[in-house]
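One structure below.
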Amino acid sequence: QHKDKTVALTKPTNSMIEGLVYNLPDYGAVGDGSTNDTVAIQAALNSGSPIISGGGKTYKVNGSLTMVSDTVLRDCVFDYSGGASSVPCLTAAGTLAANITLTSNAAISATTVVVGDSSSLSEHDWILVSSNAVFDDSSTDSEVGEFVQVASQSSGTITLRSPLVGAYATADAAQINKVSFVENITLRNVTILGSASDDNGQHGFRPYYASNVLIESCRFKNLSHNHVQLVSCINSKCTSSYFENTVQDSSQAYGFSVANCCQDVVCDTGSFNYMRHSWSTNNLSGYPGIPRRCSFDGNTVTNSAKSIAGNGGDAVDTHSAAEDIFILNNTVYGSSGTGINFECRSGAIQNNSVFDAAVNGIHYHNESDSSGKMIVSGNIVERPTEAGIQLFQGIRGTASVITSLVVADNQVRDTGTYGIRLEEYQASGEPRNVSITGNVIYQTTSAGMYIRDAIGLNITGNSFRRSKGIAIDIGDSVGVSITGNNIQHDSAAGSNRAVNIQDVTGITFSGNSVYKETGAGPAIAVRGDTKKFVISGNSILSSA
């Protein structure tokens with residue numbers, strides 16, 4: 001059947017004759033767990049066989065294996081413990097054609113790009129639109145770029161199937177490259193085992209410029225650089241897989257990573273145990289573009305590890321150069337850092353459960369140079385050492401602001417500091433258009449809700465119980481509405497107020513129920529340079 005192909009075999013098997021499933025031993029692989037089968041496995045992968053099975057055997061692999069398009073690899077264990085540092089056990093790579101320079105600027109939402117000669121492109125082709133402009137200064141590896149599909153071309157004008165998400169300027173050497181993705185690659189019931197050493201620097205599976213990658217029911221263990229890292233891949237999924245033990249002294253140590261121009265990638269229903277970061281977005285030099293429309297959904301994360309040097313440990317982590325990232329329906333136990341750390345500008349953190357984080361339960365801080373838009377809703381956060389939900393405009397000198405933030409229907413309890421904390425961290429601009437509604441906050445050591453530096457703030461329908469500090473502490477803000485909240489205050493420090501309003505301009509406090517159980521402090525204090533305020537229609541019960 002395979003004319004013009006050389007395969008290492010002694011005789012054809014029934015499966016090869018039938019053209020269904022091809023077995024690794026048919027290509028000379030031994031599968032005894034000790035013989036180096038790298039060359040034989042690569043021969044099988046090069047053969048063009050659509051389905052390659054390992055028959056459940058363990059194969060010793062010491063070098064990197066490369067997969068090709070339209071291949072299913074299944075039912076095998078690869079012992080990569082003798083593999084080299086920084087080299088993946090499995091990889092696959094598409095290619096980019098030569099650069100074609102843009103001859104005019106392309107704005108956000110543009111549906112065309114203009115080049116000198118577009119004749120090499122046809123309908124359905126994929127192109128990478130990019131430039132050498134940095135997406136944000138806090139991540140200098142993050143050059144702008146995205147994949148789009150060609151609808152048509154004529155006389156240098158390329159019409160796109162979807163509008164551009166970014167902007168591309170000729171002054172920044174804007175260009176396009178035709179992309180030939182390696183595509184339709186499946187790993188099913190494949191196990192990759194690295195060295196037992198924590199800091200071995202090994203990768204498990206690392207495809208580049210790939211489309212339609214499926215990782216299903218696989219296991220990855222003891223690969224300290226990345227278990228799986230997709231680099232500039234699209235329309236791909238990892239499902240029902242298991243990841244264990246990823247610890248690195250200097251960098252990365254990710255269970256599943258989406259890097260650079262990854263678009264529309266899902267990781268769901270997996271299990272992650274003892275990772276520095278179980279899931280992350282990140283950016284590598286030499287690959288323009290940032291992750292977009294990627295999600296981590298329905299996974300279980302336990303016992304996240306710090307690096308060997310003692311840093312890191314956020315169970316779920318996103319770097320600044322990414323947007324429209326979704327962390328959904330996950331359960332996180334025992335993070336050695338923050339449970340969910342979200343640094344990119346936009347997306348959602350919804351319906352997760354985070355227990356016993358060593359730092360914050362959930363932390364959103366927009367570190368990009370673009371305006372942030374975020375939804376944090378439906379989460380359960382219990383027993384973090386610090387804040388339950390912490391929301392910052394930015395930490396690393398970002399030039400952006402948060403322009404839209406919804407914090408709704410979360411349950412936060414037994415925190416080491418705050419229940420919900422929102423403030424400007426740098427001077428580039430206050431968080432704006434913030435809605436905090438329907439949250440239940442129980443037993444916080446510091447303030448139940450601590451707000452600073454907001455413009456346009458709605459706090460409605462929240463419930464506070466057993467706040468050891470102030471229940472609602474709001475200051476240095478403009479345009480605030482606090483309505484319909486239920487506040488039961490139990491201050492260990494008797495002078496603490498149930499509600500503290502300080503240096504706020506334009507605030508309405510109405511329709512709230514305030515019950516101050518103990519202490520001599522006032523139920524509501526209006527202090528400092530607060531002006532233009534209305535307090536009306538509240539139910540206030542207090543012995544203070």
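Just the heavy atoms: all of them, side chains too, but no hydrogens, waters or symmetry mates, feed the values below. This chain uses plain numbering: 1 for the first residue, then up along the sequence.
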Answer with yes or no whether the side chains of [Y] and [X] bring together a donor and an acceptor at under 3.5 Å.
X: S49; Y: Y27; result: yes
X: N226; Y: H203; result: yes
X: T281; Y: T318; result: no
X: Q350; Y: N352; result: no
X: D249; Y: S307; result: no
X: N177; Y: N99; result: yes
X: D79; Y: T58; result: no
X: Q149; Y: H124; result: no
X: S320; Y: E343; result: no
X: S211; Y: E183; result: no
X: T159; Y: T112; result: no
X: N235; Y: N212; result: no
X: N184; Y: D70; result: yes
X: Y208; Y: Q229; result: no
X: N282; Y: S280; result: no

Side-chain contact, heavy-atom cut-off 4.5 Å: [X] with [Y]?
X: V247; Y: I308; value: yes
X: H365; Y: L391; value: no
X: V179; Y: F147; value: yes
X: V148; Y: V129; value: yes
X: R345; Y: S370; value: yes
X: K237; Y: D268; value: yes
X: C262; Y: V231; value: no
X: F135; Y: S368; value: yes

key: Closest approach of P25 to K57 (non-hydrogen atoms, all atoms of both residues)   =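 Scanning both residues, the minimum pair turns out to be CG-NZ, 4.3 Å.
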ask   = Which heavy atom of G361 sits nearest a heavy atom of P384, and at what distance?
value =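 That closest heavy-atom pairing would be N-CB, 3.7 Å.
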task = Starting from the C-alpha separation in whole Å, work towards a yes-or-no answer on salt bridge (charged side-chain N to carboxylate O under 4.0 Å, His left out) for D324 and R292.
result = CA-CA 6 Å; D324 298 333; R292 292 184 172 95; over 6 Å; no
Member of T239, T269, N329 meeting the side chain to side chain donor-acceptor pair (under 3.5 Å) criterion with D297 =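 By the side chain to side chain donor-acceptor pair (under 3.5 Å) criterion, D297 pairs with just one of T239, T269, N329: N329.
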Interatomic distance, [X] atom [atom1] to [Y] atom [atom2] [nearest 0.5 angstrom]:
X: F205; Y: C218; atom1: CZ; atom2: SG; value: 9.0 Å
X: R74; Y: T186; atom1: CZ; atom2: OG1; value: 11.5 Å
X: L90; Y: L73; atom1: CG; atom2: CG; value: 6.5 Å

key: Verdict with supporting geometry, F296 and F272, ring pair (Phe, Tyr, Trp, His ring centres under 6.0 Å)   = CA-CA 12 Å; F296 187 66; F272 296 80; 5.5 Å; yes
ask   = Is E123 paired with R161 through a side-chain N to carboxylate O contact shorter than 4.0 Å?
value =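 A salt bridge is present here (some side-chain N lies under 4.0 Å from a carboxylate O).
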inquiry  = Regarding D37 and K60, does a basic nitrogen lie under 4.0 Å from an acidic carboxylate oxygen?
reply    =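 Judged by the 4.0 Å cut-off on N to carboxylate O distance, D37 and K60 do not form a salt bridge.
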ask   = Going by the angle between their ring planes, with limits at 30° and 60°, are H319 and Y254 parallel, tilted or perpendicular?
value =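 The arrangement is perpendicular - the two ring planes meet at more than 60°.
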message = Does S81 form a side chain to side chain contact (heavy atoms under 4.5 Å, CB included) with N222? I'd like the steps, not just the answer.
response = CA-CA 8 Å; S81 59; N222 300 335; over 6 Å; no
task = Keeping the roles fixed (side chain from T338, backbone from I340), state whether a donor-acceptor pair exists under 3.5 Å.
result =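 No: the side chain of T338 does not pair with the backbone of I340.
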task = Decide if the gap between the ring center of F392 and the ring center of H363 is smaller than 6.0 angstrom.
result =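 Centroid separation for F392 and H363: below 6.0 Å.
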Centroid-centroid under 6.0 Å between F220 and F256 rings =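 Here the rings of F256 and F220 have centres that are no less than 6.0 Å from each other.
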